[in-house]
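Accompanying notes for the structure given below.
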Amino acid sequence: MATITIPLVQRIRPRALTTASFLLPLLLWMLVSYVPGVWQPNVKITDPGDVAFFRQNMLIGKEQFALQTQLAIEGSSTPPSGIPANPIYLPAPHEVAIALYTSLTTPPLRRSEVWFYQSIWHSITIIFWGFLYSCLLGLPLGILCGAYRPVSQLAEPFIEFARYFPAPAFGALAVAILGIHDAPKIAIIFIGTFSQLVLVVANTTRRLDVRYLEAAQTLGAKKIRQLVQVVLPGILPDLYKDLRILLGWAWTYLIVAELIGTSSGITWFITQQARYKNFDMVFAALIILGVIGLLSDLLLERMGLRLFPWQEKRSGIS
Amino acid sequence: MATITIPLVQRIRPRALTTASFLLPLLLWMLVSYVPGVWQPNVKITDPGDVAFFRQNMLIGKEQFALQTQLAIEGSSTPPSGIPANPIYLPAPHEVAIALYTSLTTPPLRRSEVWFYQSIWHSITIIFWGFLYSCLLGLPLGILCGAYRPVSQLAEPFIEFARYFPAPAFGALAVAILGIHDAPKIAIIFIGTFSQLVLVVANTTRRLDVRYLEAAQTLGAKKIRQLVQVVLPGILPDLYKDLRILLGWAWTYLIVAELIGTSSGITWFITQQARYKNFDMVFAALIILGVIGLLSDLLLERMGLRLFPWQEKRSGIS
Amino acid sequence: MASVNSAAPVKTPAKLAFRNLGKTFMFQGAPKQALLGINAEIETGEFISIVGASGCGKSTLIRIAAGLERASEGGVYVEDNLVVQPGPDRGMVFQQFSLFPWLSVKENVMFGIQDQYPDKRLRGDAALDWVDKVGLAEFAGYYPNQLSGGMQQRVAIARALAPGPKVLLMDEPFAALDAQTRGRMQRHLLEIWRKLNITVVFITHDLEEAVLLADKIFVLAPNPGRLVATLPIEIPRVKDGLERDKYEPNFAAVLKDLSGLLVTSTDAHG
Amino acid sequence: MASVNSAAPVKTPAKLAFRNLGKTFMFQGAPKQALLGINAEIETGEFISIVGASGCGKSTLIRIAAGLERASEGGVYVEDNLVVQPGPDRGMVFQQFSLFPWLSVKENVMFGIQDQYPDKRLRGDAALDWVDKVGLAEFAGYYPNQLSGGMQQRVAIARALAPGPKVLLMDEPFAALDAQTRGRMQRHLLEIWRKLNITVVFITHDLEEAVLLADKIFVLAPNPGRLVATLPIEIPRVKDGLERDKYEPNFAAVLKDLSGLLVTSTDAHG
Amino acid sequence: KPLTIGYSDWPGWVAWEVGVEKGWFDEAGVEVAFEWFDYVASMDAYAAGQLDAVCMTNGDALVTGATARLSNMALINDFSNGNDMIVALPGITSVTQLKGKKVGVEIGFVGHLLLLKALEKAGLTEDDVDLVNVSTNETPMVLASGEVDAIVAWQPNSSLSLQMVPGATSIYSSANDPGLIYDTLAIAPESLNMRPVEWAKVFQVWYRIVEFINDPATQSEAIQIMAARVGVAPEAYAKLMQGTRFLDQAEAKEKFSATDDLTSLQGSSKIADAFNVKYKVYSDAQNTPDYINDSLYQ
Ligand SMILES: Nc1ncnc2c1ncn2[C@@H]1O[C@H](COP(=O)(O)OP(=O)(O)OP(=O)(O)O)[C@@H](O)[C@H]1O
Ligand SMILES: Nc1ncnc2c1ncn2[C@@H]1O[C@H](COP(=O)(O)OP(=O)(O)OP(=O)(O)O)[C@@H](O)[C@H]1O
Ligand SMILES: [Mg+2]
Ligand SMILES: [Mg+2]
């Protein structure tokens, strides 16, 4: 309720801070990419000189370049020349921007290929279904675990155990049972998120203030009503936050899932391009992933504010 | 405070339920593995008969086997014989038990090899360091985000964005910067857990009842004391639960991390054995992972009970 | 045949009985006796007040009666049935606010009368009735955290009364109310008590309030919580047969008696 | 040189001043006026009581004074400085329990006196002193959730008093206490008030309590919350110059006045 | 500072383990650190400048060089002689029969190149089949699911595919196109130039290993060491060896001649380069001689 903040902070608008939140990393990236001497551990050869194994446009370590230059000078042959450069793993912002544009506008090469935006959409549907199944099964189970001690004692120990299984280890089994297309991918997303979801939801449920349950009991609410009309609405805002976090988690499994069975989607694109060392493409794809995630999260946050009008506004330290 | 439960449930001891928690999946597994007709979609050839491409011990689909038998009979050649079997993806419990024993007791075959338990220990240290760094940076940042709105506005949007980056995409960059041994693996665990940790911790911090902060403010506590003496102890029990969940999460990144740089540890073992379709070994390793995780979690839970004596015991629906 | 009509008076069981009730909490590994050997019977339709020093176990006692806390020895009986869990036959107003924050004032009151009024419209109307009775008609759409402390407590009272419980357990329900509102609420309570013939157990710190309302006052003493006296109030209920008149000559005397009982009981141990 | 010694009496600023104070809450998109045009001055060392119907804005007023809530118009001034945030110069006892659940009773009290007593041992002793003053010496090691409601509130009072604030803001601090404990706490409060010469703003629903303790009573009326009367209490403080005697002839008359003020103020709008 | 060499799970490279295990590098007086990797990770580590040399195919050396770090293929371990296969479901016995069928292949990698070669020989083009993009490690499962008619893979996935799908056969393999895929030790040019003596010693050890493997008397011991490295039973591993053609020093030297066909590293690399450019793995054709260095064989 109280919203006391120090004057300085009040003057800085939230929007400015949010902008800074993205601007600062971008500036850092630009600093590292464009300002000489900040990092740039490599040299890009512009003229190999007399060094036998240098080639134009080759990237070589600073020390090696210095050594060869010295050797050339000592041996009175033409020293090489070059300009400082970053390793290919860290493309510069403008390169990534170009890659972003190219990747979105290049038509598919082959009959069996799709447009990039179609790959992205495909990835989104995989996440959607995997997470949906996870919620459909995990939410009720998690809530039951949190609400009923016996259910928790029965289900949680094994889930605790199973959550340490790495999801990719089930890839083969998933393909054997579910075929090679989307189903096994969805299954991996499911396996990766389900047990975590159950435990997180159970914890959240257990955090509900016991007074509400006591009140409901004295008002004659039977178990099922306590569950549906007290536990559920009582934890809903927190549950909603949990699910937003978990949805992000599901995305991190995508890169594993999309390599199972047939390769597809945006994260397969990432792996492929990383293998070709086209890191500008990789970064472009990362940015797309981040934007999709961020936008969906913002959307969910906006919706949350409308969904739970009774939530009090929280204040921070002052 | 209230602990009202229905009589039936009181009689079933928690320990019995916990045992059942593990026994039931085991029973299911045994049912599927040993009881004929439950699943067993394959046939293991004991005698190929006259079927040209059958080999002894080959696994073949039921229908194919039936078809070949029929063809052989029609063609008056010797029909094959075989016994029902599960696909190799699902080894039977005893096979896994043997694999478990073998893997742990086989001495290293090569000079440069280590015992299996040493690989496991190596994996544990990777997790330990990755998660430690994640906590060292993420906990303070998360708490600050939760406690100070401006910090949240500055840091959270970008973290929200960055958490959708799949950690493996940074493998090459990590190797370029950190070398090929443990450091890049630790970095991947860090990257995989850090942003989630910050967001989870920030959420938990925001859940702290504002009354405690208000009380502290009227008692003259400055910002730093509010943070250290109110926010921190106030969220500590919840934070502790969060970290237990997140530690499990860190484990799920191990399989990705251990493929970056040099191959090592238990998940390299899993991937390699899965590649060669030795699924008994894979399952054995999964069980080891589960046991390690479960034990460490139980330990942390026990410790938690001692750490937070003021926590009220919670009750469920009754 | 003869025995059927025999007029041997069948004693109806007490509405509420505390039988050798004891409660021990564990405190840092050592047991701490909060209640000890409480024995008392409360008849149907009686209005009981419980008074006693802070921390003497009043809330614990009423929570056991509600079925929210488990007795360590003995138990609480409703018409000879041991209380093992909460039920709608025993309404409860808590010492600390316990409204559902996600429901509006009206919806909070509607919660307890779902079975009586399956129809949502009718249920809403019935709830509004109760909201109006506690003087909050214009706040029906507010959420609890938008109300003052006293307003919240009034909603809690309306919520507890709405289902028409046979026993009403109230833990300092009027402590957060101003004198005027309190007077109004007291009268409401008595009207309902009379009309529905319910049994009321009412914890209060206000001795005047206890004497004003109760048929009988239980005096609890601390360390450990014991029932040291049961004081029947014989002063007639003059105002429509509901509350007593403070200015009645007997009133001050009874109040003094009660006060004395409390002082001696507390001083003996505290 | 001449002007230096000029004896023009410098008026010291009021300890606490409400200047044209207003507060508007947003309720479902529409503004709702909770406080309107409150103007009042409170001198150093004055004991003020605030009374008013449930929901009239008392808690809001005191929370603004504490710096926990922001005024919509005007503001609260402490010695002519606008209150913008909470501070240890203004101690607060909350209407709802606000002890730190992770600290024991003693540690809760120790929280506010960290700066006064850098030495932990001394700090503990000082805290124990206060815990003893509220009669909870034997509960010093308990955690809040192991205490009864009244006991918790006593700890909260000890905690607020310990740092020796110049202004003490109390929101119905004694509502959860039994008569005897309440009497004891009232006396403690007055002793401290006198000894430390602090300014007290004390919300209560118990008019008798208000008259017993206060130098001046502010009467608030609801819808919107306004200051409708300021009633100075002239009855002498007979008991060691602390609380007044209820049986003093004037007492009943003043109480009646106050009661009347409240009824008219509420009825006009409510 | 030791020479660091990255190697991974391919019989021709696992063979290095024999030298490590037997202590031959110490005997030769050269300090080397062999680092065991996942194949892709090993190329990443090389590209990141963390290794002096890495074991990779000639095609991948071009990819790594074109976009990240140039290397000199200075030693040929083997060429794939059947380990890369097109494995088809029962009933399909020739590449011609693939027309209109679904083929699981990792698009843009050596398997894809092999498939194109096979189709070309059968008078078909890529448009005559339906390509299903599958990562090579997934091929056995994908074939077993019955949803594709054939897959392209190398060891161990190719023989696992044969094992897991009863009746499946290899309808085409690198044995039909020996030299399409050369497996080499690709050394960073600066390292090769600055430390030629040490590399020469490594070179000596390699041919000691090849002799050891090719000698029937010691072959089983070699297989045992190699099997231990990858963590499978020696019997199982022996099968994988068959499709790997270890080249002795004389044979290898021959492959450094400059022909335009698959009989030389040069020719094979040119074909791979054309393939890479066509499939946009990189944009500019590479100057293949830059990638080949026969100094060790002189
Ligand atoms: N967040 C809010 N949103 C809307 N209205 C609010 C909010 N908080 C308080 N109010 C309103 O402000 C008014 C005053 O509330 P306040 O808590 O100050 O009353 P009070 O005088 O302390 O009452 P009580 O004696 O019952 O504690 C009430 O009508 C209440 O509904
Ligand atoms: N969880 C607990 N652990 C230990 N002691 C407890 C616990 N809960 C209550 N107690 C003790 O039981 C005693 C009775 O508490 P109870 O809340 O019943 O008092 P009360 O009569 O309602 O007091 P008040 O009038 O202040 O509300 C107190 O001494 C308290 O410390
Ligand atoms: Mg109580
Ligand atoms: Mg209030």
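The chains referred to below are lettered A, B, ... by the order of the sequence lines, with proteins before strands, and numbering in each begins at 1.
Heavy-atom distances place the backbone of B/A155, and not its side chain, under 4.5 Å from chain A. With a 4.5 Å cut-off on non-hydrogen atoms, B/P157 touches chain A through its backbone and its side chain both. For B/I255, the part sitting under 4.5 Å from any heavy atom of chain A is the side chain, from C-beta outward, and nothing else.
Among B/D297, B/I177, B/I270, the residue making the largest number of heavy-atom pairs under 4.5 Å with chain A is B/D297. When B/I159, B/L199, B/V200, B/L154 are compared by the number of non-hydrogen pairs under 4.5 Å with chain A, B/L154 comes out ahead. In terms of heavy-atom pairs under 4.5 Å with chain A, the best-connected choice from B/V291, B/I287, B/I245 is B/I245.
Qualifying side chain to side chain donor-acceptor pair (under 3.5 Å) partners for A/Y253, counting only residues two or more places apart in sequence or in other chains: B/T252. Applying the side chain to side chain donor-acceptor pair (under 3.5 Å) criterion to A/N203, with sequence neighbours excluded, gives A/R206.
With hydrogens and angles ignored, the 3.5 Å screen pairs no side-chain donor or acceptor of A/T205 with any backbone N or O of A/A147.
For the pair B/R207 and B/D238, the salt-bridge criterion is not met [side-chain N within less than 4.0 Å of a carboxylate O].
Closest approach of B/W249 to A/R163, counting heavy atoms only: N-NH1, 4.5 Å.
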